[in-house]
Amino acid sequence: MEDVIILGTGCAGLTAAIYTGRAQLNPLVLEGTQPGGQLTTTSEVENFPGFPEGIDGFMMMDNLRKQAAKFGARYEHAKVDKITIENGVKKLYAGEKTYEAKSVIVATGARPRLLGIPGEKEMYGGKGVTTCATCDGAFYRDMDVVVIGGGDSACEEALFLTRFCSKVTLIHRRDELRASQIMADRATSHQKIEMAWNSLPQEVIADEKGFTRAIRVKDAKTGEEREIPCKGVFIAIGHIPNTDFVDGLLDRDGDGYIIPESGSQVKTKFPGFYAAGDCVDHVYRQAITAAGMGCQAAIEAERWLAEQV
Ligand code: NAP
């Protein structure tokens with residue numbers, strides 16, 4: 001039986017791996033479908049303390065991974081579908097495989113939210129609809145694209161896309177951005193970015209070959225509809241926590257975020273069972289806060305394990 005199994009290799013999971021590794025707990029880290037988590041799809045991380053020039057998101061996660069491995073973290077690919085607890089032992093089911101652990105840290109993060117409008121699914125991934133400008137932006141060189149959303153992610157994606165695209169229309173459902181002032185100012189003052197305020201996406205429209213040719217939006221105030229021609233639709237409307245596998249086991253809120261025990265950010269109702277990062281935190285959702293929660297969960301696990309002997 002493992003002392004500690006960590007689910008997820010984003011900032012929270014890998015920080016927990018560094019701390020439990022340094023505590024000689026020999027953590028087993030299970031990587032799901034997106035090794036390295038959301039930061040691997042970010043271009044420049046400008047706000048993580050200690051990097052005055054910023055750092056590439058992929059590089060940062062690779063560094064964390066190596067740092068944890070240096071202290072004894074082991075990695076396996078496994079997507080956990082279910083967890084049960086019997087006599088305090090946590091049993092993890094991942095397809096054909098099962099794992100047993102004394103303590104578990106769930107740090108499975110969150111995935112991009114989609115709009116659920118006609119055309120979105122049909123053109124998602126390769127035909128013009130995407131959730132990752134860093135991954136796909138370069139495919140849209142000299143083309144017109146749209147970004148949907150009004151938060152920091154949408155502004156960041158729009159600004160990133162100005163490097164390649166001829167024009168970026170930022171479509172937001174209200175007349176005021178949710179993004180931080182600095183990001184909002186950068187986006188709204190950029191000469192390649194045009195704002196489409198009060199615009200509700202209705203449908204992604206395909207050309208005769210099935211590739212994106214436009215998006216139809218409805219004016220939230222007048223109800224009037226119009227088409228915005230574009231080759232790419234970048235959706236940046238927030239995230240859904242990856243927590244379905246703990247349904248019925250842990251308490252979750254209406255959006256699926258794990259609810260920690262009162263008085264703690266990372267403890268669940270089961271001793272030795274912790275949750276950290278974007279699968280719990282729907283308020284801050286930053287690399288640094290996720291890393292902080294991973295650290296807290298690791299220290300809690302270490303102390304709890306020490307009490308068990
Ligand atoms: P967010 O702040 O939750 O913003 C989501 C945006 O999508 C909102 O503007 C929302 O509109 C819009 N939206 C949601 N559902 C929609 C729908 N069905 N149709 C149309 N629009 C919809 O998410 P985020 O931008 O991903 O940011 C998440 C967190 O990460 C935030 O705390 C943010 O500060 C942080 N972040 C920071 C940076 C940075 O500092 N560089 C970069 C990226 C993210 P409403 O405004 O009307 O609700």
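As the structure lists them, so they are numbered: ligands from 1, and atoms in each ligand from 1.
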Sequence neighbours excluded - salt bridge (Lys or Arg N to Asp or Glu O under 4.0 Å) pairs with any residue from residues 224-236: R213-E227, R216-E225
Cluster link V168 to I228, ILVMFWY, side chain under 4.5 Å: no
Residue pairs, two or more places apart or on separate chains, that pass salt bridge (Lys or Arg N to Asp or Glu O under 4.0 Å) and touch residues 98-121: D3-K102
K79, NZ atom: more than 12 neighbouring heavy atoms under 6.0 Å: no
Ring pair (Phe, Tyr, Trp, His ring centres under 6.0 Å) pairs, two or more places apart, involving residues 190-225: none
Those protein residues which place at least one heavy atom below 4.0 Å from ligand 1: N47, L115, G149, G150, G151, D152, S153, E156, H172, R173, R174, R178, A236, I237, G238, H239, Y284, R285, Q286
Centroid separation Y140 to F234 less than 6.0 Å: yes
